[in-house]
Amino acid sequence: MKLLVCGGAGFIGSTFVRLRVREHGDAVTVLDKLTYAGRRENLHDVAAEIRFVHGAIEDPVAVADAVAACDAIVNFAAETHVDRSISGPEAFIVTNMQGTHVLLEAARERGLRYLQVSTDEVYGSIEHGSFSEASPLQPSSPYSATKTGADLLVSSYFHTHGLETLICRGSNNYGPHQYPEKLIPLMILNALAGDRLPVYGDGRNVRNWLFVEDFGRGIGHVLAYGMPGEAYNCGGPDECENLAVVERILALTGADESLIEYVTDRPGHDRRYSLSSEKLQALGWRAQVRFDEGLARTVDWYRDNAWWWEPIRSGAYRDYYERHYGRALKT
Ligand code: NAD
Ligand code: DAU
């Protein structure tokens with residue numbers, strides 16, 4: 001395929017690009033604004049095999065340049081951190097909603113297949129059981145509200161214009177190249193540095209963990225076999241309370257339990273996410289990586305790739321960390 005991958009320099013997008021180039025031989029163009037979360041380094045091993053366009057999805061000129069000669073758009077580009085959406089939601093509205101609209105228009109004008117990468121957070125929190133694609137959309141945070149708005153806009157282009165749209169909603173991803181504002185890489189890097197591990201609230205919130213390559217393959221499955229106009233959930237094989245995640249990371253890094261520090265809870269913090277992926281499994285997809293194995297691989301990757309994270313921890317991330325947690329990173 002000839003794919004335009006928007007947000008392909010981010011955590012999941014770069015994993016998807018690598019899979020498409022290596023396993024499918026696709027011709028890939030990446031369009032990415034290179035925000036704090038997007039890095040050319042994430043694509044270093046496939047840089048010679050792809051076309052890279054530096055630009056924003058909300059810019060129709062950049063999109064028109066990037067989309068030339070492509071036959072499908074896969075949109076990962078987004079502001080993605082819930083905490084940042086609480087302290088500053090504007091960029092989330094511009095990228096996640098206006099940007100999606102510009103991409104949909106580009107797809108409509110050219111008759112392209114369009115896949116929107118979405119999240120389990122559009123369904124809100126669930127105490128028992130799992131969400132299916134028929135569950136109501138009840139987002140809690142500004143982040144998930146903008147992702148929900150984007151999903152609804154995508155569906156409207158199917159119903160109104162007959163555009164071949166697809167939506168793939170993933171649960172919490174983890175793995176190499178994830179920016180350390182997110183729970184797992186933050187805890188790994190702090191544990192390796194002997195720094196404190198800030199657990200929100202009582203640490204009993206539950207997330208449904210999905211190894212990033214499993215999500216990349218799930219998205220590829222939806223792109224190949226999905227029914228236009230439909231949404232597909234892509235959930236991980238294991239659920240885990242945050243505190244248990246942190247304890248596993250302590251065991252894998254050899255850090256001391258005394259590093260755990262309970263801090264003020266996130267406002268509106270969703271208690272539990274859980275997805276049923278039966279619809280995607282019926283298309284032949286299965287998650288391959290269990291949480292214990294994926295977490296060990298992830299800890300090993302961060303331990304072996306200081307070249308990747310050292311520039312982040314010495315840059316603007318330090319300011320963000322101090323602002324958000326009220327104290328400086330140790331190293
Ligand atoms: P990320 O923050 O690591 O990467 C986002 C990428 O988008 C970056 O490369 C950034 O530079 C780019 N970007 C941001 N604004 C842009 C703009 N206006 N124009 C062009 N590029 C822009 O995010 P991620 O964790 O890889 O998430 C990718 C997608 O998957 C998002 O749509 C997110 O909502 C969704 N998702 C994430 C998870 C998760 O657990 N991380 C789970 C389910 C779904
Ligand atoms: O569920 C999919 C979503 O997963 C994606 O759509 C989002 O883009 C992605 O950021 C992620 O959202 P979460 O809010 O679940 O992920 P985060 O890593 O920020 O937090 C995971 C859990 O850990 C959550 O319950 C909050 C908690 N947490 C997080 C941080 C950063 C802490 O206890 N301490 C922390 O310092």
Side-chain angles (χ1 to χ4, degrees), residues 5-16 30-40 42-43 53-59 62-63 66 74-85 91-92 94-96 98-100 102-103 116-123 125 139-141 143-144 146-147 150 168-175 177-187 190 196-210 212 215-216 218-219 234-236 240-243 245-246 260-266 269-275 321 324-325:
V5 181
C6 303
F11 162 51
I12 307 171
S14 62
T15 304
F16 178 77
V30 168
L31 172 65
D32 200 293
K33 191 176 174 180
L34 297 178
T35 66
Y36 75 92
R39 302 176 76 210
R40 296 293 293 266
N42 291 348
L43 294 164
V53 177
H54 182 198
I57 57 167
E58 64 272 21
D59 175 0
V63 170
V74 182
N75 181 29
F76 292 86
E79 289 291 336
T80 60
H81 193 37
V82 172
D83 292 325
R84 290 187 197 248
S85 82
F92 290 73
V94 173
T95 293
N96 301 2
Q98 292 177 18
T100 298
V102 171
L103 293 177
Q116 177 76 358
V117 179
S118 185
T119 168
D120 57 2
E121 298 200 16
V122 299
Y123 299 115
S125 189
S140 315
S141 71
Y143 161 71
S144 52
T146 59
K147 293 294 291 185
C168 185
R169 298 185 176 129
S171 62
N172 275 67
N173 277 228
Y174 68 103
H177 302 108
Q178 188 170 28
Y179 194 81
E181 65 192 349
K182 308 282 165 53
L183 178 77
I184 287 183
L186 185 152
M187 296 297 175
N190 280 19
R196 281 179 282 178
L197 309 177
V199 173
Y200 295 165
D202 62 2
R204 306 289 303 276
N205 301 66
V206 174
R207 295 294 183 264
N208 182 188
W209 293 102
L210 175 64
V212 64
F215 192 32
I219 292 165
C234 186
C240 200
E241 289 186 349
N242 293 338
L243 196 54
V245 173
V246 173
I260 294 176
E261 178 182 46
Y262 291 93
V263 300
T264 310
D265 206 354
R266 170 186 284 172
H269 195 173
D270 282 337
R271 194 63 170 170
R272 175 171 172 264
Y273 298 138
S274 181
L275 284 182
Y321 194 92
H324 184 66
Y325 294 98

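Residue numbers start at 1 and run along the sequence shown. Start at 1 and go down the list; that is how both ligands and their atoms are numbered. Computed from heavy atoms alone, side chains included, the values below leave out hydrogens, waters and symmetry copies.
Asp270 and Ser140 share a donor-acceptor pair across their side chains, judged by distance under 3.5 Å alone. Checking Asp83 against Tyr325 by side-chain atom types alone, no donor-acceptor pair falls below 3.5 Å. In this structure, a donor-acceptor pair under 3.5 Å is absent between the side chains of Arg84 and Tyr143. A side-chain N or O of Tyr36 and one of Glu181 form a donor-acceptor pair less than 3.5 Å apart. Checked by atom type, the side-chain pair His269/Asn205 shows a donor-acceptor distance below 3.5 Å. Under the 3.5 Å distance criterion, with hydrogens and angles disregarded, no donor-acceptor pair is assigned to the side chains of Asn42 and Tyr179.
On a distance-only criterion, Asn242 and ligand 2 share at least one N/O pair closer than 3.5 Å. By the 3.5 Å distance cut-off applied to N or O atoms, Thr119 is counted among the residues near ligand 2. Residue Asp270 has no nitrogen or oxygen atom sitting less than 3.5 Å from a nitrogen or oxygen atom of ligand 2, judged on distance alone. Of the polar atoms of Asn205, none of the N or O atoms is found under 3.5 Å from an N or O of ligand 2, judged by distance alone. For the pair Trp209 and ligand 2, the shortest N or O to N or O distance does not fall below 3.5 Å. At under 3.5 Å, a nitrogen or oxygen of Leu183, whether backbone or side chain, sits near a nitrogen or oxygen of ligand 2. Annotation: Ser171 places no N or O atom under 3.5 Å from an N or O atom of ligand 2; distance criterion only. For the pair Pro198 and ligand 2, the shortest N or O to N or O distance falls below 3.5 Å.
Looking from atom 9 (C) of ligand 2 to the surrounding protein, the closest heavy atom is Thr80 O, 3.9 Å. Looking at atom 16 (O) of ligand 2, its nearest protein heavy atom turns out to be Asn172 ND2, 3.5 Å. Protein heavy atom closest to atom 36 (O) of ligand 2, with residue, atom name and distance, is Tyr325 OH, 2.6 Å. The protein atom (non-hydrogen) at minimum distance from atom 5 (C) of ligand 2 is Tyr143 OH, 3.6 Å. Shortest contact from atom 20 (O) of ligand 2 to any protein heavy atom: Arg266 NH2, 3.9 Å. Remark: minimum distance from atom 28 (N) of ligand 2 to any protein heavy atom is reached at Tyr200 CD1, 3.5 Å. The shortest contact between atom 2 (C) of ligand 2 and any protein heavy atom is with Asp120 OD1, 3.2 Å. The nearest heavy-atom contact from the protein to atom 31 (C) of ligand 2 is Glu181 O, 3.2 Å.
The distance from atom CG of Leu210 to atom CG of Asn173, rounded to the nearest 0.5 Å, is 4.5 Å. Rounding to the nearest 0.5 Å places OG of Ser141 at 8.0 Å from CZ of Phe92. Interatomic distance, CG of Leu275 versus SG of Cys234, reported as 8.5 Å (0.5 Å rounding).
Proximity of Lys182 to ligand 2, defined as any heavy-atom pair under 4.0 Å, is shared by backbone and side chain alike.
Remark: Glu121 pairs with Tyr273 by the side chain to side chain donor-acceptor pair (under 3.5 Å) rule, at least two apart or across chains. A search for salt bridge (Lys or Arg N to Asp or Glu O under 4.0 Å) contacts involving Lys182 returns nothing, not counting sequence neighbours. Arg196 is linked by a side chain to side chain donor-acceptor pair (under 3.5 Å) to Glu261, counting only residues two or more places apart in sequence or in another chain.
Near His81, the atoms of ligand 2 lying under 4.0 angstrom from a non-hydrogen atom of the residue are 19 (O). Counting atoms of ligand 2 from 1 in the listed order, those under 4.0 Å from a heavy atom of Val199 are 33 (O). Counting the atoms of ligand 2 from 1 in the order shown, those under 4.0 Å from a heavy atom of Val82 are 14 (O).
Between Arg207 and Glu241, no side-chain nitrogen of the basic residue sits less than 4.0 Å from a carboxylate oxygen of the acidic one, so the salt-bridge criterion is not met.
Of the candidates Arg271, His269, Arg272, it is His269 that places a heavy atom closest to atom 26 (C) of ligand 2.
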Any protein N/O atoms within less than 3.5 Å of an N/O atom in ligand 1? List the atom names and distances, or say none.
residue  : atom   : partner : partner atom : Å
ligand 1 : 2 (O)  : Thr80   : OG1          : 2.8
ligand 1 : 3 (O)  : Phe11   : N            : 3.1
ligand 1 : 9 (O)  : Gly10   : N            : 2.9
ligand 1 : 9 (O)  : Asp32   : OD1          : 3.2
ligand 1 : 9 (O)  : Asp32   : OD2          : 2.6
ligand 1 : 11 (O) : Asp32   : OD1          : 2.6
ligand 1 : 11 (O) : Leu34   : N            : 3.4
ligand 1 : 11 (O) : Thr35   : N            : 3.0
ligand 1 : 11 (O) : Thr35   : OG1          : 3.2
ligand 1 : 18 (N) : Glu58   : OE1          : 2.8
ligand 1 : 18 (N) : Thr95   : OG1          : 2.9
ligand 1 : 19 (N) : Ile57   : N            : 3.0
ligand 1 : 21 (N) : Lys33   : N            : 3.1
ligand 1 : 26 (O) : Phe11   : N            : 3.4
ligand 1 : 26 (O) : Ile12   : N            : 2.8
ligand 1 : 32 (O) : Phe76   : O            : 3.0
ligand 1 : 32 (O) : Lys147  : NZ           : 2.7
ligand 1 : 34 (O) : Tyr143  : OH           : 2.6
ligand 1 : 34 (O) : Lys147  : NZ           : 3.0
ligand 1 : 40 (O) : Asn173  : N            : 2.8

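A 4.5 Å side-chain heavy-atom check between Phe215 and Cys168 finds at least one atom pair inside the cut-off. In this structure the side chain of Asp120 reaches within 4.5 angstrom of the side chain of Asn172, judged on heavy atoms.
Not a single donor-acceptor pair under 3.5 Å links the side chain of Asp32 to the backbone N or O of Val53.
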